[in-house]
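Working notes for the structure below.
Keep in mind that the numbers below use all heavy atoms, side chains included, and drop hydrogens, waters and symmetry copies. Residue numbers start from 1 in every chain, and the chains themselves are labelled A, B, ... in the order their sequence lines are given, proteins ahead of strands.
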There are 2 protein chains.
Amino acid sequence: MERHENTEQEILRAAEQEFLEKGFAGAKIMSIAQRAGVNHAMIHYYFRTKENLFNRLFEEKIRLLTTNLYPALANTEQPLIERIKNTISSHFDFIAENHNLPRLVVNEIISNPKRRKIFRQKIQFAIKTLKPALQTELDQLADNRQIQHIKAEDLILDVVSLNLAIFILFPLIEGVFADDNKTFLEHRKEENIKVILSRLNYKI
Amino acid sequence: MERHENTEQEILRAAEQEFLEKGFAGAKIMSIAQRAGVNHAMIHYYFRTKENLFNRLFEEKIRLLTTNLYPALANTEQPLIERIKNTISSHFDFIAENHNLPRLVVNEIISNPKRRKIFRQKIQFAIKTLKPALQTELDQLADNRQIQHIKAEDLILDVVSLNLAIFILFPLIEGVFADDNKTFLEHRKEENIKVILSRLNYKI
DNA sequence: CTTTGTATTAACAAAATTGTTAAACATACA
DNA sequence: TGTATGTTTAACAATTTTGTTAATACAAAG
């Protein structure tokens, strides 16, 4: 009998891979078991159902996603423009490290109204705590003619859109625009920052 | 025995809905049959397998996607900036009318290496026919100080990213930023144009 | 009005997937 | 040592999903 150091963790690790690649419907208990190197009964032993296992992972990931935009923006030591640059950069890096996560979240939220409702509330909360202060700062800079006026929500959506899309598109365009993926992504990160700063019309 | 006007078309219509909503793995023959109001054996009668039915629809959709960016850009009557505005706008509208299509294409291309290869070749071809002329025009305007210098491929990716992402994100943020979806999307379309024109640093 | 080919249905079969269980096993600890 | 506890396995069962077929209805052509 093969004893694992920690079967439960192995299963979670394997399941995370499988779900991220194939989504809930495409993932198969047998395939997860194989990846984890365990008998598929173990998955039922530890998690009872496929849905259980999925929910456990999914909720953890949602937490990750919904708390990611704050930190770089909140650090009020630096001037806003610097913080925006850092936010774009760290948001980009976060998605790079979790490049399948947005796709999974979108897919599973669309196919599950209950999850959708919960998620929207989290987003709503995140926006509510982010927007007012950001808008105030943006308005101040705009009044000083340092940037062009913009609604905080548009800025947020512009950033998220640019960063997100490049990773969603990546499997479709890998190798089309550049041979070296790492260089390509680094370049796109800079481009995204450039786009946002242009939108703000920031001088120097 | 219930006779349909055109069973095959009914099945295709229903299958399109189902696949767009749930993806290949999530779609069920029985559910498609129900939507089409036919016995599920009819699906096998007309298309033999689920995969057949899927491929038939998928290839048609790929054709749509890969030919969508051209027309508004190609019309060399107008000045480039106008054509770019129109391209953004019509690309946006196209995705609006096919808001589930990008998600489906990305998902199924990721889970199928053969499809991925074919698609990349199509993209590669589309880029090859689009990029040189566009780059020449962009360089000319940049030399005349009418716009900031930009690589054609970055411009294309910026446009596609902004337009795509808002519809991929839409199910997650519906109702968060605005009550009226139509107004929200119209506003985002304008914002995307504004972002791109700012990036080009176009005066007036 | 019969023949012929296509369309439809229900019932069945096969395959894939998820879930269950009883028995074997490992380990710690009395 | 033996026994209690949690872990693992293989075999099985249930369910879901896909695919097949034989019987039959229907419409059009001869």
### Task
Quick one: which residue pairs count as a ring pair (Phe, Tyr, Trp, His ring centres under 6.0 Å) with a foot in residues 54-106 of chain A, not counting sequence neighbours?
F19(A)-F54(A), F24(A)-F54(A), F54(A)-F58(A), F92(A)-F167(A)
Got a list of protein N/O to nucleotides 19-21 of chain C N/O distances below 3.5 Å?
| unit_1 | atom_1 | unit_2 | atom_2 | d |
| --- | --- | --- | --- | --- |
| dG19(C) | OP2 | K50(A) | N | 3.1 |
| dG19(C) | N7 | H40(A) | NE2 | 3.4 |
| dG19(C) | O6 | H40(A) | NE2 | 3.0 |

For residues 34-41 of chain B, tabulate all N or O donor-acceptor pairs below 3.5 Å that involve a side-chain atom, not counting sequence neighbours.
| unit_1 | atom_1 | unit_2 | atom_2 | d |
| --- | --- | --- | --- | --- |
| R35(B) | NE | E18(B) | OE1 | 2.9 |
| R35(B) | NH1 | Q17(B) | OE1 | 2.7 |
| R35(B) | NH1 | E21(B) | OE2 | 3.4 |
| R35(B) | NH2 | E18(B) | OE1 | 3.2 |
| R35(B) | NH2 | E21(B) | OE1 | 2.9 |
| N39(B) | OD1 | A41(B) | N | 2.8 |

### Task
Answer yes when E16(A) and R13(A) have at least one side-chain N-carboxylate O distance shorter than 4.0 Å, and no when they do not.
no
### Message
Show every side-chain hydrogen bond (donor to acceptor under 3.5 Å, both in side chains) that has at least one partner inside residues 71-81 of chain B, sequence neighbours left out.
### Response
Q78(B)-N86(B)
### Query
Rounded to whole angstroms, how far apart are CD1 on I11(B) and P on dA7(C)?
11 Å
### Query
How many Å lie between CD1 on I32(A) and C1' on dA16(C), as a whole number?
15 Å
### Of all pairs that satisfy ring pair (Phe, Tyr, Trp, His ring centres under 6.0 Å), the ones with a partner from residues 174-195 of chain A, not counting sequence neighbours
none
### Query
Would you call E191(B) and R199(A) a side-chain contact if the rule is heavy atoms closer than 4.5 Å?
yes
### Query
With sugar-phosphate meaning primed atoms plus P, OP1 and OP2, does F47(B) contact a base, only sugar-phosphate, or nothing at under 4.0 Å between heavy atoms?
nothing
### Whole-Å gap separating P (dT16(D)) and CD (Q34(B))
14 Å
### Message
Does A27(B) reach a base, just sugar-phosphate, or nothing at all? Heavy atoms under 4.0 Å.
### Response
sugar-phosphate
### Summary
note: N6(A), atom CG; dA26(C), atom P; distance rounded to Å ~ 19 Å
### Query
What's the NZ-C1' distance between K28(A) and dT18(D), to the nearest Å?
12 Å
### Query
Side-chain N or O of T7(A) less than 4.0 angstrom from OP1 or OP2 on dT7(D)?
no
### Query
How close or far is atom P of dA24(C) from atom CE of M42(A), stated in whole angstroms?
17 Å
### Task
Can you pull out how bent the helix from dC1(C)-dG30(D) to dA30(C)-dT1(D) is, comparing the axes over its first five and last five pairs, to 10°?
10°
### Query
CG of N52(B) versus C1' of dG19(D): gap in Å, rounded?
13 Å
### Task
Could you tell me the separation between the CD atom of E8(A) and the C1' atom of dT8(D), rounded to a whole number of Å?
15 Å
